[in-house]
Amino acid sequence: MINLAVLGPVVIGVVELVTLRFGGDAATYGWLQAAYGVGALVGVWWAGRFGAIAHPGGALGWLSAGLGAGLLGLAVACQWWTAAALLAAMGIGGGLVGVLATAWLQRETPAPLQGRVMALAMLAGVAFDPLSQALSGVLIDISLPGLCVVAGGSLLLTVPFALRSARG
């Protein structure tokens with residue numbers, strides 16, 4: 001759900017956000033994408049500082065909540081620097097999720113199946129990217145805030161399931 005709900009709004013939605021709210025300046029778009037990228041780099045670095053997490057469902061659940069809240073914030077962001085701060089925070093969350101989920105999958109999968117499981121995980125990530133962007137393109141024709149609300153709300157709806165699975 002994270003790949004499906006976040007990738008399209010960050011790639012497609014931010015273009016429309018810059019066009020509709022921030023004057024359509026290419027430099028502003030670059031700053032917003034850089035904020036997300038730097039945030040993701042910080043998230044990956046930070047995840048490397050954690051030890052192994054026995055049950056990442058709780059962490060992934062709370063990170064999904066943060067990413068969903070960030071998308072809801074983008075729906076109402078009126079200043080480019082507010083959007084940049086939200087995107088940087090979302091990038092941190094995305095970097096954390098990528099490392100934590102991959103490490104957990106590798107640790108919990110029996111060695112003979114690791115190649116297959118990681119191939120499926122990569123396929124899902126690669127397949128959800130264009131699907132997320134296509135859905136974002138359809139939703140953005142209806143409403144930019146609507147895109148952010150649908151994507152953020154979808155993530156928030158997954159939080160109880162992730163937290164419940166974390167309890168075992």
Side-chain angles (χ1 to χ4, degrees), residues 1-14 17 31-77 80-109 114 117-136 139-140 144-168:
M1 181 52 80
I2 291 171
N3 278 357
L4 188 62
V6 174
L7 294 174
V10 167
V11 173
I12 305 297
V14 170
L17 185 68
W31 281 110
L32 294 179
Q33 290 298 327
Y36 186 83
V38 168
L41 181 62
V42 169
V44 167
W45 173 81
W46 194 19
R49 299 289 183 215
F50 288 116
I53 295 177
H55 301 288
L60 295 176
W62 289 114
L63 289 169
S64 292
L67 291 168
L71 286 167
L72 294 176
L74 286 178
V76 297
W80 74 267
W81 52 268
T82 305
L86 288 167
L87 286 164
M90 291 171 62
I92 291 170
L96 282 166
V97 164
V99 173
L100 294 176
T102 302
W104 179 79
L105 270 176
Q106 289 178 338
R107 188 178 65 244
E108 295 298 317
T109 303
Q114 279 186 356
V117 169
M118 293 312 296
L120 287 172
M122 290 299 111
L123 174 65
V126 170
F128 283 141
D129 187 4
L131 179 59
S132 176
Q133 290 184 34
L135 289 172
S136 294
L139 289 173
I140 213 161
L144 171 62
L147 165 65
C148 294
V149 168
V150 167
S154 298
L155 277 173
L156 292 175
L157 287 174
T158 65
V159 171
F161 297 107
L163 294 177
R164 187 170 5 144
S165 72
R167 284 186 250 137

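Atom set for the values below is all heavy atoms of this structure, side chains included, hydrogens, waters and symmetry mates excluded.
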- Message: Given Leu17, which partner from the list Leu144, Leu147, Ile140 fulfils the side-chain contact (heavy atoms from CB on, under 4.5 Å) test?
- Response: Leu144
- Measure the CZ-CD distance between Arg107 and Gln114 for me, rounded to the nearest 0.5 Å. 11.5 Å
Would you list the atom pairs, donor with acceptor, under 3.5 Å between side chains in residues 151-160 and any protein atom, with sequence neighbours excluded?
| residue | atom | partner | partner atom | Å |
| --- | --- | --- | --- | --- |
| Ser154 | OG | Val150 | O | 2.7 |
| Thr158 | OG1 | Leu155 | O | 2.6 |

Could you give the side-chain donor-acceptor pairs of residues 118-132 under 3.5 Å, partners two or more places apart or in another chain?
| residue | atom | partner | partner atom | Å |
| --- | --- | --- | --- | --- |
| Asp129 | OD1 | Gln133 | NE2 | 2.7 |
| Ser132 | OG | Leu4 | O | 2.6 |
| Ser132 | OG | Gly8 | N | 2.6 |

- Message: Please find the pair of heavy atoms, one from Ala77 and one from Thr82, that lie closest to each other, and give the distance.
- Response: CB-CG2, 4.3 Å
- Message: Using 0.5 Å steps for rounding, measure from the CG atom of Leu100 to the CG atom of Leu63.
- Response: 7.0 Å
- Query: Among all residues two or more places apart in sequence or in another chain, which pass the side chain to side chain contact (heavy atoms under 4.5 Å, CB included) test with Ala69?
  - Reply: none
- Start with the C-alpha gap between Val6 and Tyr36, add the side-chain angles, then the distance that decides, and say whether side-chain contact (heavy atoms from CB on, under 4.5 Å) holds. CA-CA 11 Å; Val6 174; Tyr36 186 83; 3.9 Å; yes
- Between the CG atom in Leu96 and the CH2 atom in Trp62, the distance rounded to the nearest 0.5 Å is 15.5 Å
- Message: Do Leu72 and Cys148 have side chains that approach each other closer than 4.5 Å (heavy atoms only, starting at C-beta)?
- Response: no
- Message: Measuring only between side-chain heavy atoms, which start at C-beta, is Leu74 closer than 4.5 Å to Met90?
- Response: yes
- Do Gln33 side-chain atoms and Val10 backbone N/O form a donor-acceptor pair below 3.5 Å? yes
- Task: Indicate the atoms forming the closest heavy-atom contact of Ile12 with Ser136, along with that distance.
- Result: CB-CB, 4.0 Å
- Message: Once rounded to the nearest 0.5 Å, what's the spacing between atom CG of Leu86 and atom CG of Leu71?
- Response: 9.0 Å
